[in-house]
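Everything on this sheet refers to the single structure shown next.
Residue numbering restarts at 1 for every chain, and letters A, B, ... go by the order of the sequence lines.
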Amino acid sequence: MAAFRLFDLNPEQERAVRTTDGPLLILAGAGSGKTRVITARAAFLISRGTAPENILAVTFTNKAAKEMRGRLATMIDPEQAKRTVMSTFHALCVRILRQDIERLGYKRNFSIYDEGDTTGLIKKIITRTAARDEKLEAGLAKNLISKAKNTGWREPADDKTLIGAVYARYNQELKNLNAVDFDDLLLLTVRLLGEHGEVRERWQRKFRYIMVDEFQDTNRLQLDLITLLADEKKNVAVVGDDDQSIYGWRGAEASNILEFETHFPNPAVIKLEQNYRSTNFILGTANSLIKNNARRRAKKLWSAKEGGEKVRILAMPDDQQEAALIVGEIHSRKITEGLKWEDFAILFRMNAQSRLFETTFRDMKIPYRVVGGNSFFDSREIKDVLAYAACLMNADDDVSLLRIVNTPARGISDGTVEKATTASIHARCSVFAILRDEEFLATLTARTRGAVEKFTSFLDDMDLKMHEPLANQPGVLRALLTDSGYLTDLQRTCKTPEEWLKREQNIRYLLDDFQSYHDGHGKGLREWLDAMLLRHEREEEKEEEVSGVTLITLHASKGLEFPHVHLIGCEEGVLPHERSKLEGTVDEERRLLYVGITRAKQTLAITWCRNRTKYGSAVSCAPSTFLKELDPDLIERHDGGELLNKPVTQEKATAKFGAILDMLGKL
DNA sequence: AATCGTCTGCTTTTT
DNA sequence: GCAGACGATT
């Protein structure tokens, strides 16, 4: 291969790319080109003769992995790019576990349970375990269990506490179901690699160079995993920004990056401080805020982009007027400055804050998109389809089976299901096995027995068809949904034609996705199902088809950028959130605002309201204490109430009219 | 089995 | 203020 070209990189970036051996810590500030560095580093390693499959780049999201792979494909031979392992933590673990999980006493066809599945299971366990006067919310228990798994809390010795007992039972139950939750993917992989030297060595030999993206968001288990994968060579390059650590509440350990040296001694440390995104007004504002955090690796972002506008802080009388002013401003700037709706974003702390903006945008007929919110995968029909598929892959998967056993209604009542579950616990086998057990069937009425037998033979039939060599698997799945009467039943239970249209569209999307996965990758239901369960967003479609002003939480905005950003609701109690003050995590809230500020490329406006409607009633608010920390030299303060009521000035009207004429002229 | 009414209790959510 | 859960009703 020709000599690798590095001329698009600045000196620090180039050093990060060329430092290939031994531990490396890259402190990459917001907008400093970290994705570029990771991909260039992979390309550089390959150009120097490293085989692509010996390079591992781990990310948190599928989107990031995909983006990296795409970029790498533009830098080197796409065939080689394809062979480079770029994967999320969870997908990597699935890959490892599908090969060797048998050593931990699970079967290789294990099911992966998502949040909803696990919460449901925990709920069931709580009702079975708790005494009359004991109460435990399933959601809370799920969080506690997740935290326990992620911080390495083993089986609690004291299962005298309800949560301890539920934890132990939950793990046992999962194992019986031959299922794992998201946390288990990491936990079991760490256990597998830790306890089985030959497996560990095999993977260590494979991954000679490891890179980790968003290292500030890794938790204890993820660090353990990386440590286990890196052999004594320790060719581990981590990229991250402690100032953008905003997932502490999900178990991310900022100490992983702050104390990197204790985990990997004598690392090379490289700081990327040149920002390619924002103006210096914006970066200076961000710097002035974040320097108030005590525990951080000092860095100062700078930009070659001079000029621009000062950052505006607007005080608004209430949230209604906040929405009115911002939406109005976006509307007029789009026209007068010839911008696109996509150039604007509205950032907020809580999802609930987007509501008012949504209605205001609708009223003004401005297109908008809400990022996040309810996921495609939370819809009933998608869960049902995936449950059908899961049943064919893992006969022990009771959770999926119970989901679809009487969906559509086929004469297997709750009572029958209850009876089957009890019998399965007694017989120590799966519910599916019980439904085929002659002894059990004999206890049923002739009618119920007929229904059960029809159901099991239907699934058997589908199972057979699905696993035939050269089967048209997407076709089988499609047939399953029709022949089971599922689709007809779904249509019947939809209240409006629009609802049916939406649900049907979702299913069609899902099946099309499987079809193209099957045709393109030549992979089967197993692999596709894994990918679906580890992917909670329909990235491609969402991003390309939908356009308009972006409405997004601060958390979800990390990694994105917009020319013009409005950061709303900067009030004490909202940002920082009331709860964070009680929990002592105000620093993380400050980082959250920092992330928000650094999303802006050209202009940034921060608003706060003197009054806000919270839970139905109006409360008065104070501006966020963070606003006092921002460098006053870089900021303009306005009273937004006045701006809103001020009559339109002559010059503004002329400008606007001129712009309209301009647009008409172009037509 | 479906539907209606009342109660509750409120961040953020990469997989 | 409103969604989501749960229990009582038909």
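- Within 4.0 Å of E589(A), counting heavy atoms only, lies at least one base atom of the nucleic acid.
- One interatomic measurement links the two molecules: CD of E214(A) to C1' of dT13(B), which rounds to 15 Å at whole-angstrom precision.
- Here H90(A) does not pack flat against the base of dT15(B), since the 5.5 angstrom centre distance and 30 degree tilt limits are not both met.
- At the heavy-atom level, Q222(A) lies nowhere under 4.0 Å from the strands shown.
- Note: NZ (K581(A)) to P (dT11(B)) measures 16 Å, nearest angstrom.
- In terms of position on DNA chain B, the residue among R349(A) and L533(A) whose nearest nucleotide sits closer to the 5' end is R349(A).
- For T61(A), taking side-chain heavy atoms from C-beta onward, the closest of the listed nucleotides dT14(B), dT11(B), dT12(B) is dT14(B).
- Among the atoms of the strands shown, base atoms are found under 4.0 Å from some heavy atom of Y247(A).
- Of all heavy-atom pairs spanning D117(A) and I112(A), the tightest one is OD2-O, 4.4 Å.
- OP1 or OP2 of dT13(B) has at least one side-chain nitrogen or oxygen of N351(A) nearer than 4.0 Å.
- Across all non-hydrogen atoms, the minimal contact from R599(A) to A30(A) is NH2-CB, 3.7 Å.
- If you take CE of M350(A) and C1' of dA3(C), they are 16 Å apart, rounded to a whole angstrom.
- In this structure, CZ of F89(A) is placed 13 Å from P of dT15(B), rounded to the nearest angstrom.
- Considering only the side chain of N62(A), dT15(B) comes nearest among dT13(B), dT11(B), dT15(B).
- Taking only distance into account, the side chain of R579(A) never meets the base of dT12(B) through a donor-acceptor pair shorter than 3.5 Å.
- When each of dC6(C), dT11(B), dT14(B) is scored by its nearest atom to the side-chain atoms of D217(A), the top-ranked nucleotide is dT14(B).
- Remark: the separation of the C1' atoms in dT11(B) and dC6(C) is 25 Å, to the nearest Å.
- Spacing of C1' atoms, dA5(C) relative to dT12(B), comes out at 23 Å, to the nearest Å.
- Mapped onto DNA chain B by nearest heavy atom, Y615(A) and N406(A) fall at different nucleotides, with N406(A) at the one closer to the 5' end.
- dT11(B) atom P lies 13 Å from atom CZ of R355(A), rounded to whole Å.
- Salt bridge annotation for R590(A)-E629(A): present, with a cationic side-chain nitrogen under 4.0 angstrom from a carboxylate oxygen.
- Atom CG in L593(A) sits about 16 Å away from atom C1' in dT11(B), given to the nearest Å.
- When the side-chain nitrogen and oxygen atoms of T613(A) are compared with OP1 and OP2 of dG1(C), none of them lie within a distance under 4.0 Å.
- The pair R591(A)-D587(A) does not meet the salt-bridge criterion, since no charged nitrogen lies less than 4.0 angstrom from a carboxylate oxygen.
- One interatomic measurement links the two molecules: CD of E583(A) to C1' of dC10(B), which rounds to 14 Å at whole-angstrom precision.
- Here the side chain of K123(A) is nearest to one of dT12(B), dC6(C), dT15(B), namely dC6(C).
- The distance between the ring centers of H555(A) and W249(A) falls below 6.0 angstrom.
- F110(A) carries R98(A) over the face of its six-membered ring, with the cationic atom under 6.0 Å from the centre and within 45° of the normal.
- As judged by a 4.0 angstrom heavy-atom cut-off over every strand, R591(A) is placed among residues making no nucleic acid contact.
- Rounded to a whole Å, the CG atom of L225(A) is 17 Å from the P atom of dT15(B).
- Here E115(A) lies in heavy-atom contact (under 4.0 Å) with a base.
- Glycosidic conformation of dT11(B) is syn; the angle stays within 90° of 0.
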